[in-house]
Chemist: 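Right, I'll just put the structure down here and ask away after.
Start at 1 and go down the list; that is how both ligands and their atoms are numbered. These numbers come from a predicted model, not from an experiment.
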Amino acid sequence: MTIIVTGGAGFIGSNFIFHMLKEHPDYRIVCIDKLTYAGNLSTLKNVMDHSNFRFVKIDICDRTAVYRLFEEETPDIVVNFAAESHVDRSIENPDVFLQTNIMGTAVLMDACRKFGIKRYHQVSTDEVYGDLPLDRPDLFFTENTPLHTSSPYSSSKAAADLLVLAYFRTYLLPVTISRCSNNYGPYHFPEKLIPLMIINALADKDLPVYGEGLNVRDWLYVEDHCKAIDLIIHKGRVGEVYNIGGHNEMKNIDIVKIICKALGKPESLIKHVGDRKGHDMRYAIDPTKIHSELGWLPDTKFAEGIQKTIDWYLKNEDWWKPIVSGEYQKYYEEMYGNRT
Ligand code: NAD
Ligand code: TDX
């Protein structure tokens, strides 16, 4: 079995590669990644020499390079994690989101049609459903919730999802889609809420909470997401969408306070800053389908997962220090410098 994993030098893709090499030692895993600012080869250093692993630097929008690789590798399965993934960046510059998230998905699926494939899996997000009101805790996203996006990022992911379903219906491409809630864990790029707060708190820097911090996200430990995708590509029904989430809704401000407490830092570091444009209020997944059809349930409780994550950042400064010292400084200054 050969699996192409796109975006495997990023946060979730790399965790998925580690999971698959451990759980399926006889599978060949081929990672393709453009190595954008979010892709980091040092993340993959422990598997680079693994006999069943290959890394190739490819942009998924580069049709010639993608076709050449498919011809060489004749993959059985493709799992597409590659994407521009940060909502704030999509608000500043939507263009690259449309290119990678939509056109890149089309190129990959065209390659799947041309060379044949057992399964194409699209890693999508709960953000395609838009948001839920804070005063209706009884409401959850199901797979039948209409797509109703807020940001250029979520719109590009929703467009890709529709394209994937169109390739299933029109060309009978054997596809599946998963829509997961917010992930956290090791190798999470420090532009995202949890790693940003851990790293700023460690340096006694301001902790920039957007608006009042009352927005709710439904957090899932990354390993549980990887297990769910492993199940879907083996046992999921083609043409189906599976929501992934563990009923772990939390307000942003509470997450930041938990991080302060765990690191012994004062809450006075918290600084309320200007809100994100079009900021989604609440995400909450109903995971009934994946639980009842595939038997998936998350294994890691938030209290355990956040401690493991904090410990990982404490022990792995050599991974994140080079990231936050380079281009990231410029990004941080532009994104947060004038945010009042
Ligand atoms: P990430 O930004 O950490 O990693 C993205 C990876 O894709 C990077 O390695 C980057 O170099 C690569 N990439 C970007 N453009 C590329 C291109 N044109 N060609 C090849 N590679 C390219 O993202 P992540 O958080 O690991 O998210 C992975 C996937 O999961 C995305 O599709 C995202 O939409 C989805 N998702 C993320 C979350 C979350 O909480 N992080 C939740 C649900 C779904
Ligand atoms: O500095 C910050 N301050 C802050 O208050 C940052 C970076 C974020 N926030 C808030 C915005 C959100 O309400 O925290 C919440 C989480 O923000 P992000 O970490 O940027 O994640 P989110 O926008 O929820 O999107 C994430 O989950 C769904 C991923 O980045 C997406 O790729 C995924 O699809």
Chemist: Of the protein's non-hydrogen atoms, which lies at the shortest distance from atom 20 (O) of ligand 2, and what is that distance?
Modeler: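 It is Arg276 NH2, 2.9 Å.
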Chemist: Is the cationic atom of Arg282 (NZ for Lys, CZ for Arg) positioned less than 6.0 Å from the six-membered ring centroid of Phe141 and within 45 degrees of its normal?
Modeler: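 No, Arg282 does not sit over the ring of Phe141.
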Chemist: For Glu191, take its heavy atoms, then give the atoms of ligand 2 lying under 4.0 Å from any of them.
Modeler: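 Every atom of ligand 2 under 4.0 Å from some heavy atom of Glu191: 7 (C).
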Chemist: Restricting to salt bridge (Lys or Arg N to Asp or Glu O under 4.0 Å), what partner residues turn up for Glu92, sequence neighbours left out?
Modeler: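 Not a single residue meets the salt bridge (Lys or Arg N to Asp or Glu O under 4.0 Å) criterion with Glu92.
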Chemist: Students often mix this up, so state it plainly: with edges at 30° and 60°, are the rings of His24 and Tyr27 parallel, tilted or perpendicular?
Modeler: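 Rings of His24 and Tyr27: parallel, as their planes differ by under 30°.
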Chemist: Return the residue, atom name and 0.1 Å-rounded distance of the protein heavy atom closest to atom 14 (O) of ligand 2.
Modeler: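 Checking every protein heavy atom, the shortest distance to atom 14 (O) of ligand 2 gives Asn252 ND2, 3.3 Å.
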Chemist: Which residue holds the protein heavy atom closest to atom 34 (O) of ligand 2, what is that atom called, and what is the gap in Å?
Modeler: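 Looking at atom 34 (O) of ligand 2, the protein heavy atom closest to it is Tyr153 OH, 2.5 Å.
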Chemist: When you compare ligand 1 with Phe189, is there at least one nitrogen or oxygen pair between them that comes in under 3.5 angstrom?
Modeler: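 So ligand 1 has no N or O lying under 3.5 Å from an N or O of Phe189.
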Chemist: Could you give the side-chain donor-acceptor pairs of residues 1-19 under 3.5 Å, partners two or more places apart or in another chain?
Modeler:
| from | atom 1 | to | atom 2 | distance (Å) |
| --- | --- | --- | --- | --- |
| Thr6 | OG1 | Asn80 | OD1 | 2.5 |
| Thr6 | OG1 | Phe81 | N | 3.0 |
| Thr6 | OG1 | Ala82 | N | 3.0 |
| Ser14 | OG | Gly10 | O | 2.6 |
| Ser14 | OG | Phe11 | O | 2.9 |
| Asn15 | ND2 | Phe11 | O | 2.9 |
| Asn15 | ND2 | Pro186 | O | 3.1 |
| His19 | ND1 | Glu223 | OE2 | 3.3 |
| His19 | NE2 | Asp230 | OD2 | 2.9 |

Chemist: Please walk me through it: do Lys118 and Asp76 pass salt bridge (charged side-chain N to carboxylate O under 4.0 Å, His left out)?
Modeler: CA-CA 5 Å; Lys118 293 198 184 83; Asp76 300 284; 2.6 Å; yes
Chemist: Answer yes or no: does an N/O atom from Leu193 fall short of 3.5 Å to an N/O atom of ligand 2?
Modeler: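 Right, the criterion is met.
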Chemist: Nearest to atom 35 (C) of ligand 1, what protein heavy atom do you find, and at what distance?
Modeler: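 Answer, as residue, atom name and distance: Val123 CG1, 4.0 Å.
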Chemist: Among Phe11, Tyr283, Tyr153, which one has a heavy atom closest to atom 33 (C) of ligand 1?
Modeler: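 Among Phe11, Tyr283, Tyr153, the closest heavy atom to atom 33 (C) of ligand 1 comes from Tyr153.
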